Amino acid sequence: MIDLRRLRDDPAYRQGIERKRVRPGLLEELTAADDERRRLVAEVDGLRARQNAASREIGRADPQDRPARIAAAAALKEELAAAEARLAAAAARVRALALEVPNPADPAAPAGGEDDAVTLRTCGEPVAPPPLDHAAYAERMGWVDVAHAAEASGSRFAYLMRDAALLELALVAWVTGVLVAEGFVPTVPPVLVRERTMEEAGFFPTDRHQVYAIPDDDLYLVGTSEIPLSALHRGEILDEAALPCRYAGFSSCFRREAGTYGTDTRGIFRVHQFDKVEMFSFSHPDASDAEHERLLAIQERIVGGLGLPYRVVDIAAGDLGAAAARKFDVEVWLPSEGRWRELTSCSNYRDFSARRLGTRVRAGGATRLVHTLNGTACAVGRTLLFCFEHCQQPDGTFVVPEVLRPHLGRDTVGPPG
RNA sequence: GGAGGGAUGACUGAGCGGCCGAAAGUGCUCGCCUGCUAAGCGAGUAGGGGGUGUGAAGCCCCCUCGAGGGUUCAAAUCCCUCUCCCUCCGCCA
């Protein structure tokens, strides 16, 4: 949810919104609706003030004077009720329009759209493709079974099996350890949440079509543990000393992947269900840029620690999603495709979802909305897939990344038979 | 799933139709006092919205006692629905 007052008063804020794609006329409609809402607030407040005053006088009046005064006060009720109905309608309209408006892009975010991300740095070199691409290799090793998954669940599902299943556990253990050492609270959150939680996290209404719903129980499957983590301080006013407040969430993630028909169909690059360790920070509003850099640095340490060549890109304003003011992606070289592909993502939402969540910080005498940030620590399936190509030897042996060896208990995994 | 009890400010907890946005305590802030610390003394201390200010302060008004509705001139207090928590029974990994 954006800040309506800033939309009114701060041209830079409005420009930040316009750097994203917004429906023409939306902001004008919204400000007009908000003007009307404020006018009605004043009207209703005035009527209520009169009614409150009248009621107080009745309480103080002599019992014999009361009937006449009560009759007079009763007349106010109808007028007030009508005005309140108009206000409620206006407020609902403002809310509906405001939910459509994205968080302003940060001035530092590059201009443009999907193709205009700016590469900040590249660590490691592109390499030639291995004998087998990730999907073929995983099949050869008996690590991924999409055929039976299709029987059980449909397309874009997979069984992760044998050493790949153990590699997942090793990855999760290693990454979680890194995050705990960085002061993150390790968390296994709920993956089914209410509609309200989706909305407050900034996913509804804009990304509703990407979310699995459980209509019988009014619950929704999360696409990332960011959602339940964001609800951890819902409606709370935090102490300044408690910030930053960092959580590492491990969970399964569920995504409908609507609109991706026919893309990334090989292997487990894009699936409906995967496990992920996610970082989430509640930051002091003055410190969120530094926190963002910090999350990014942790991501780079993890990806670099696995020995994967990567580059960091700064996502352009027009490609930012509704909630992010700034976003960095870490892209890893996928040899079989001969290009860099997204592995992790790290966003600063500023106060956008904190406003819906009601998560604030007591700063000096005042309270301010916190800033929320999130970043992938490890999307397990996709990380493994990159490893399938980068750790694959010409003879088919899989060389376990050094950091995972203590967790897996082996240095290499040979091909079967 | 069945039967009861509960939800009050940063926290504990009183209030059970008007004098309650709310006692008391804790915490926090400021001042005093004290070699330092602890203790003590005094004062202050909810959030949000609208308006008016030099869009600082201040001032005025409105809303909020889990959420939403209702009764009433008037609701933290009465009624209904929902959510969550606790106790007991049932079921269960």
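Per chain, numbering begins at 1; letters A, B, ... match sequence-line order. This is a predicted model, so every value here is computed, not measured.
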Task: Gap between atoms CD and P, on A:Glu78 and B:rU71 respectively (whole Å) - done: 13 Å
Open item on the list: Tell me whether the side-chain N/O atoms of A:Asn52 come closer than 4.0 Å to OP1 or OP2 in B:rA74.
Closed with: no
TODO: Could you tell me whether the phosphate oxygens of B:rG47, OP1 or OP2, come under 4.0 Å of any side-chain nitrogen or oxygen in A:Arg362?
DONE: yes
Task: A:Phe204 ring center within less than 6.0 Å of A:Tyr220 ring center - done: yes
Open item on the list: Can you identify which nucleotide, out of B:rC62, B:rG48, B:rG50, has its nearest atom closest to the A:Ala42 side chain?
Closed with: B:rG50
Open item on the list: Can you identify which nucleotide, out of B:rC73, B:rC62, B:rA10, has its nearest atom closest to the A:Ile237 side chain?
Closed with: B:rA10
TODO: Kindly say whether A:Gly396 contributes a backbone atom to a donor-acceptor pair with the side chain of A:Tyr137 at under 3.5 angstrom?
DONE: yes
Task: Plane angle bin for A:Phe157 and A:His272 - parallel if under 30°, tilted between 30 and 60°, otherwise perpendicular - done: tilted
Open item on the list: So, using side-chain hydrogen bond (donor to acceptor under 3.5 Å, both in side chains) as the criterion, who are the partners of A:Glu342 when residues are at least two apart?
Closed with: none
- [ ] Grab the CZ-P distance between A:Arg368 and B:rG47 for me, whole Å please.
- [x] 15 Å
Open item on the list: Is it true that A:Thr372 and A:Ser353 share a donor-acceptor pair across their side chains at a distance under 3.5 Å?
Closed with: yes
Task: Value in whole Å for how far the P atom of B:rC61 lies from CG of A:Leu47 - done: 16 Å
Task: side-chain hydrogen bond (donor to acceptor under 3.5 Å, both in side chains) against A:His390, all qualifying residues, sequence neighbours excluded - done: none
Open item on the list: Any side-chain N or O of A:Arg360 below 4.0 angstrom from OP1/OP2 of B:rG48?
Closed with: yes
Task: Check: A:Arg255 main-chain N/O paired with A:Gln210 side-chain donor or acceptor under 3.5 Å - done: no
TODO: Send over the distance from A:Glu36 CD to B:rG49 P, rounded to a whole Å.
DONE: 20 Å
TODO: Answer with yes or no after comparing the ring centroid distance for A:Phe282 and A:His233 against a 6.0 Å cut-off, counting only values under it.
DONE: yes
TODO: Indicate yes or no for a side-chain donor-acceptor contact from A:Tyr349 to the backbone of A:Gly202 under 3.5 Å, with no hydrogens or angles considered.
DONE: no
Please produce a list of atom pairs where a protein N or O lies less than 3.5 Å from an N or O of nucleotides 52-60 of chain B.
residue, atom, partner, partner atom, Å
B:rG55, N2, A:Asp9, OD2, 3.0

- [ ] Could you tell me whether A:Gln51 contacts a base, only the sugar-phosphate backbone, or nothing, with contacts defined as non-hydrogen atoms closer than 4.0 Å?
- [x] sugar-phosphate
Open item on the list: From CG of A:Leu80 over to C1' of B:rC62, roughly how many Å is that when rounded to an integer?
Closed with: 11 Å
- [ ] For RNA chain B, just give me the dot-bracket, please: Watson-Crick or G-U, both distances below 3.5 Å, ( ) intra-strand, [ ] crossing earlier pairs, | paired with another strand, . unpaired.
- [x] ((((((((.[[[..)..(.....]]]((((((.......))))))(((((((.....))))))).[[[[[..)....]]]]])))))))....
Task: A:Phe328 ring center near A:His292 ring center (under 6.0 Å) - done: yes
TODO: Using a strict cut-off of less than 4.0 Å between a Lys/Arg side-chain nitrogen and an Asp/Glu carboxylate oxygen, indicate whether A:Glu57 and A:Arg69 qualify as a salt bridge.
DONE: yes
TODO: To the nearest Å, give me how far apart CD (A:Glu84) and P (B:rC63) are.
DONE: 9 Å
TODO: State whether the number of non-hydrogen atoms from other residues, nucleotides or ligands found under 6.0 Å of A:Arg8 atom CZ is greater than 12.
DONE: yes
Task: Candidates B:rG48, B:rA10, B:rG50 - which lies nearest the side chain of A:Thr367 - done: B:rG48
Open item on the list: How many whole angstroms separate atom CZ of A:Arg56 from atom C1' of B:rC20?
Closed with: 12 Å
Open item on the list: Under 4.0 Å, heavy atoms only, any strand: does A:Ala54 hit a base, just the sugar-phosphate, or nothing?
Closed with: nothing
Sort me out a list of protein N/O and nucleotides 79-81 of chain B N/O pairs below 3.5 Å, or just none if empty.
none

TODO: Between B:rG48, B:rA74, B:rG49, spot the one nearest the side chain of A:Asp45, thanks.
DONE: B:rG49
- [ ] Check the chi torsion on B:rG53 and let me know: syn if it falls within 90° of 0, anti if not.
- [x] syn
Please tabulate, one pair per line, all N/O donor-acceptor pairs under 3.5 Å involving side-chain atoms of residues 406-416 of chain A, not counting sequence neighbours.
residue, atom, partner, partner atom, Å
A:Arg410, NH2, A:Asp163, OD1, 2.4

TODO: Just call it for A:Arg37: base, sugar-phosphate, or nothing, with non-hydrogen atoms closer than 4.0 Å on any strand.
DONE: sugar-phosphate
Open item on the list: In whole Å, measure the gap between the P atoms of B:rU29 and B:rU87 for me.
Closed with: 36 Å
Open item on the list: At 4.0 Å (heavy atoms only), tell me whether A:Arg194 reaches a base, stays on the sugar-phosphate, or touches nothing.
Closed with: sugar-phosphate
- [ ] Quickly work out the A:Arg196 CZ to B:rC84 P distance and round it to whole Å.
- [x] 9 Å
